[in-house]
There are 2 protein chains.
Amino acid sequence: MESRPVSQAVEDYVKAICLLEQQEGKATTKALAVALDVAAPSVTAMIKRLHAMRLVRHTRYRGVALTPSGRRMALEVIRHHRLLELYLVEALGLPWDQVHEEAERLEHVISEELEERIAERLGHPVADPHGDPIPTKGGEVDQSAYLPLSELNPGTAAVIKRVADQAPAKLRYLGDLGLFPEVRVTLLEKAPFGGPMSLEVGETRCTLGGDLARQIYVLPVESL
Amino acid sequence: MESRPVSQAVEDYVKAICLLEQQEGKATTKALAVALDVAAPSVTAMIKRLHAMRLVRHTRYRGVALTPSGRRMALEVIRHHRLLELYLVEALGLPWDQVHEEAERLEHVISEELEERIAERLGHPVADPHGDPIPTKGGEVDQSAYLPLSELNPGTAAVIKRVADQAPAKLRYLGDLGLFPEVRVTLLEKAPFGGPMSLEVGETRCTLGGDLARQIYVLPVESL
DNA sequence: GTTTATATTTAGATTAATCTAAAAAGAAAT
DNA sequence: ATTTCTTTTTAGATTAATCTAAATATAAAC
Ligand SMILES: [Mn+2]
Ligand SMILES: [Mn+2]
Ligand SMILES: [Mn+2]
Ligand SMILES: [Mn+2]
């Protein structure tokens, strides 16, 4: 019954499976290979190990699904990751485009004790700097669904709730424009067919491409 | 010429070698095996790898010595470790007996950027919570030598400068007595042959065994 | 419904890091 | 100077995690 500590690789796999299940509805070998930047046969090999550890169920050629204990592990890692991202921004002033990479490594090595201190210091926050929900210790995740900024009607005001793009360069760009979660914006004009839109952010205005706008999720102010 | 990131194991080995060179004057296979809690043949195998990486020089049956680049790497890891220990105590309130274990893992995963932010937040400190010197970015280490508390003359006052024992239980005990670095104590009485001693700490007094007293280093106040 | 493209798995190899058992070297004791 | 003890090294095996090349299964296109 000796269960030795789980490796970083295993944690990254269950985390990736969990995120894929949420975002795509299922986790395939290919999607995991892309997400983790490894070759497909490496994924197949790891899936066998994860199955032996009872962390996933696997149907050949059909992808994997987390077991309850796999999900518990994944949410624990995701909680670490998002708490760390927020801590690095709030307590140490790291820019929001650098914290993902840092948290990617730190998430595997902090103790439960340290996790708790960080959560306490932050006032038990519910979202990370990008607006992604922080799972509770009990494994609950806020499921609120928001509207892509690209779907907002011109003339409407809304509060940014989530920035789904991870790419540092894009985050830096959005940061320069002042587009963070909890910031209020007003959509002025929108070109058709997913074209660019012009926004009012505080005192200033800016133009945003359709691709970026599709990655920004908002809550229209009427809904408040 | 692609030099892939160094593993945690390699970092722990060069760190252990560096500390042994300082404390014992040399780093033998056996001493490393004990320090790292691995079997002796594992050390021999790793020494070969470290040699291939030009981090150590090795004379068969005689132990290893760090090369300049090995020492640079070791001091970098030690800097991380000690900065982290201090940060965990100062910024997050972890008890000083728990931070060693935590830093042992974190030291390998923080970026140079994060290291710098932490150092800045702490005001570029020169010692960790146990009084161990924090190497500078340039690789300089404070070499001050202090007096073991066990060698202090009765009736003399001194400031604690370093607590060399790592054992959490002992650190907790010393902490309860208020015996931390930078605390001023007065030696009242001392039993002969390394026996116990009685101390004045602030308003209170306490008795300390000879073994513990030998691990506490002080600076007598006359020297100030 | 075949053919073609894509995804998945198997086969086989590699590397880092560890282990135990046994041989060899060096140090200490007689 | 031998003998004995300790340390170090070799030999050989194991496990996790990865890779490339090739085989096989599924899905898409025609
Ligand atoms: Mn990770
Ligand atoms: Mn995030
Ligand atoms: Mn370590
Ligand atoms: Mn320390």
Side-chain angles (χ1 to χ4, degrees), chain A residues 1-17 20-21 23-65 70 73-74 77 104-105 107-109, chain B residues 1-17 20-21 24-65 70 73 77 104-105 107-109:
Chain A
M1 271 266 149
E2 253 316 315
S3 70
R4 67 198 113 293
V6 145
S7 72
Q8 213 218 76
V10 166
E11 291 189 347
D12 278 335
Y13 272 90
V14 294
K15 185 177 67 156
I17 293 166
L20 281 170
E21 282 184 346
Q23 289 157 31
E24 319 289 326
K26 63 176 177 175
T28 65
T29 301
K30 181 79 190 307
L32 283 166
V34 171
L36 295 166
D37 194 28
V38 293
S42 307
V43 176
T44 302
M46 178 59 96
I47 284 173
K48 285 180 183 164
R49 268 172 255 137
L50 297 177
H51 178 77
M53 295 183 238
R54 313 275 153 189
L55 296 171
V56 302
R57 312 182 102 265
H58 182 217
T59 14
R60 284 168 59 86
Y61 292 96
R62 280 293 138 72
V64 287
M73 183 183 292
V77 179
E104 200 56 51
R105 297 184 308 271
E107 63 190 0
H108 309 289
V109 303
Chain B
M1 269 265 150
E2 253 316 313
S3 69
R4 66 195 112 295
V6 146
S7 72
Q8 214 218 75
V10 166
E11 290 189 349
D12 278 333
Y13 271 89
V14 295
K15 185 178 66 157
I17 293 166
L20 281 170
E21 282 183 347
E24 319 287 325
K26 63 175 177 175
T28 65
T29 301
K30 181 78 190 307
L32 282 166
V34 171
L36 295 165
D37 193 29
V38 294
S42 307
V43 175
T44 303
M46 179 58 97
I47 284 172
K48 284 180 183 163
R49 269 172 255 136
L50 297 177
H51 177 79
M53 293 183 239
R54 312 278 154 185
L55 296 170
V56 302
R57 314 184 101 264
H58 183 219
T59 15
R60 284 166 61 85
Y61 292 95
R62 281 291 137 73
V64 288
M73 184 184 292
V77 179
E104 198 57 50
R105 298 184 306 271
E107 64 190 1
H108 309 289
V109 304

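Proteins get letters first, then strands, A, B, ... in listed order; numbering begins at 1 in each.
Counting non-hydrogen atoms under 4.0 angstrom, B/Ala39 reaches a base of the nucleic acid. Residue B/Ala9 is in sugar-phosphate contact alone, with no base atom involved, counting any heavy-atom pair closer than 4.0 Å across all strands shown. Residue-level contact check: B/Ser42 touches the bases, meaning some heavy atom is under 4.0 Å from a base atom.
Results of the side-chain contact (heavy atoms from CB on, under 4.5 Å) test with A/Ile17 over A/Thr28, A/Leu32, A/Asp12 single out A/Leu32 as the only residue that passes. With A/Val64 as reference, A/Ile47 is the one residue of A/Val43, A/Ile47, A/Leu20 to meet the side-chain contact (heavy atoms from CB on, under 4.5 Å) rule.
For the OP1/OP2 pair of C/dT10 and a distance below 4.0 Å, the side-chain nitrogens and oxygens of A/Thr44 include no atom meeting the criterion. Taking only side-chain nitrogens and oxygens, A/Lys48 comes nearer than 4.0 Å to OP1 or OP2 of C/dT10.
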N/O contacts under 3.5 Å, protein versus nucleotides 23-25 of chain C?
unit_1	atom_1	unit_2	atom_2	d
C/dA25	O4'	B/Tyr61	OH	3.2

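Here the closest non-hydrogen pair linking B/Val10 and B/Met73 is CG1-SD, 4.3 Å. In this structure, A/Val109 and B/Arg105 approach most closely via the heavy-atom pair O-NE, 2.8 Å. When all heavy atoms of A/Val77 and A/Lys15 are compared, the closest pair comes out as CG1-CD, 3.8 Å. Closest approach of A/Ala33 to A/Ala39, counting heavy atoms only: CB-C, 4.3 Å.
Annotation: the span from B/Ser7 atom OG to B/Met53 atom CE amounts to 6.5 Å, rounded to 0.5 Å.
Two residues, A/Met53 and A/Arg62, neighbour DNA chain D, and the one matched to the more 5' nucleotide by heavy-atom proximity is A/Met53. Nucleotides of DNA chain D nearest to A/Gln8 and B/Val43 differ in position, and the one nearer the 5' end is that of B/Val43.
Residue B/His58 qualifies as enclosed at atom NE2: its count of foreign heavy atoms under 6.0 Å is above 12.
Think of the region where chain B sits on DNA chain D: with heavy atoms and a 4.0 Å cut, that region ends 5' and 3' at D/dT7 to D/dT10.
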